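Since the structure comes first, as structure tokens, the remarks are kept for the end.
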Amino acid sequence: MLLEVENVIKRFPVRGGFLGKPTAYVHAVNGVSLHVKGGETLGIVGESGCGKSTLARLIVRLLAPDAGAIRFDGQDLVACSRSALRAIRRDLQIVFQDPFGSLNPRMTVGDIVAEPLVIHDIGAGGERRRRVEELLTLVGLSGDVAHRYPHEFSGGQRQRIGIARAIALQPKCIVADEPVSALDVSVQGEVLNLLMDLQRTLAIAYVFIAHDIKVVAQVSHRIAVMYLGQIVEELPAEKLLEARHPYTRALLAAVPIADPTRRERAAPLGGDVPSPITLPPGCPFHPRCKYREANCLTDPPALLPQGPNHRAACHYVDKVLADILP
Ligand code: SF4
């Protein structure tokens with residue numbers, strides 16, 4: 001297994017009062033477990049505030065978890081030394097949502113793309129310049145844009161520059177945190193196609209994070225649905241229309257379905273995600289769930305098998321199934 005995340009927990013203190021002591025905690029990630037094989041894409045989907053971006057930063061160790069294990073290529077990312085982590089980062093890269101904010105406006109595109117090569121002391125002079133041109137060409141930009149600055153490019157082009165920097169060290173895995181959500185719809189497809197082309201050419205695995213279930217379904221082999229810091233359903237992308245968790249059904253209900261023989265009977269989501277400071281007891285989805293029963297308010301449902309590679313955390317999947325079966 002390339003990436004394994006086991007029972008990872010991350011809380012952030014809310015400081016206030018005398019001497020800025022913690023008065024509460026934001027429960028951003030609450031016991032998440034997942035895995036990614038080499039060359040596959042695991043999509044993680046959920047509304048904003050569900051902990052996806054925190055999970056992305058935990059996976060690449062920009063944040064340290066409070067509890068749990070993260071292993072990459074057999075190496076322990078939580079306990080490893082700073083120098084070991086630096087070496088692992090050659091193989092584990094991240095692409096951020098905001099292609100402008102993540103590129104230094106004072107550096108040329110060539111310097112931005114070359115930065116990982118410089119940090120890891122790979123190549124020099126002309127060899128490094130040729131590699132940068134090769135990378136820019138690989139992401140659909142011309143090699144001769146290397147002397148220009150980020151502000152001279154469109155959003156889609158800037159995201160291509162971010163991707164060129166992420167693949168510079170030929171990583172085994174890229175965590176892509178909302179990589180297309182800041183882009184126009186017309187450009188989103190081009191960047192998604194680029195990511196999929198690079199996966200075919202370079203056998204890169206992706207953890208692809210987005211709030212749009214349609215986008216996630218387009219690029220993923222497997223999908224994990226996240227709600228209030230927990231995975232509530234995990235299933236193969238081709239089985240997405242057979243999802244059994246009420247939250248996944250509600251996300252699907254917001255998307256127009258191309259197949260006229262299928263009718264989505266779940267209502268699109270109402271209300272907001274509850275505060276991650278005061279988590280609801282029992283099932284975290286119960287305040288918004290139309291299927292809830294009394295025990296949902298007290299008993300947290302376990303993530304249980306529903307079929308091959310399919311797990312869902314709901315006490316009443318039978319009621320959901322009765323609603324969605326033709
Ligand atoms: Fe809804 Fe209960 Fe299932 Fe939670 S466990 S999703 S509240 S039916």
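Computation of the quantities below employed the complete heavy-atom set of this structure, encompassing side-chain atoms and omitting hydrogens, waters and symmetry-equivalent molecules. Ligands are counted one by one from 1 in listed order, and the atoms in each one are counted from 1 as well. Bear in mind the structure is a predicted one, so any value in this text is a computation, not a measurement.
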NZ/NE/NH1/NH2 to OD/OE distance under 4.0 Å, K52 and E47: no
Parallel, tilted or perpendicular, as decided by the 30° and 60° cut-offs, for the rings of Y247 and H245: perpendicular
Shared hydrophobic cluster for L55 and I9 (ILVMFWY, side-chain gaps under 4.5 Å): no
Connected via hydrophobic side-chain network under 4.5 Å: I59 and L85: yes
Nearest-0.5 Å distance, CD of residue E242 to CG of residue L252: 11.5 Å
Protein N, O or S atoms lying under 2.8 Å from atom 1 (Fe) of ligand 1, listed by chain and number: C289 SG
Region of H245 that comes within reach of ligand 1 [heavy atoms, distance under 4.0 Å]: side chain
Ligand 1 contacted by K319 (non-hydrogen, < 4.0 Å): no
Polar contact flag, side-chain donor to acceptor under 3.5 angstrom, H211-E178: yes
Under the ring pair (Phe, Tyr, Trp, His ring centres under 6.0 Å) test, residues paired with Y206 that sit two or more places apart: none
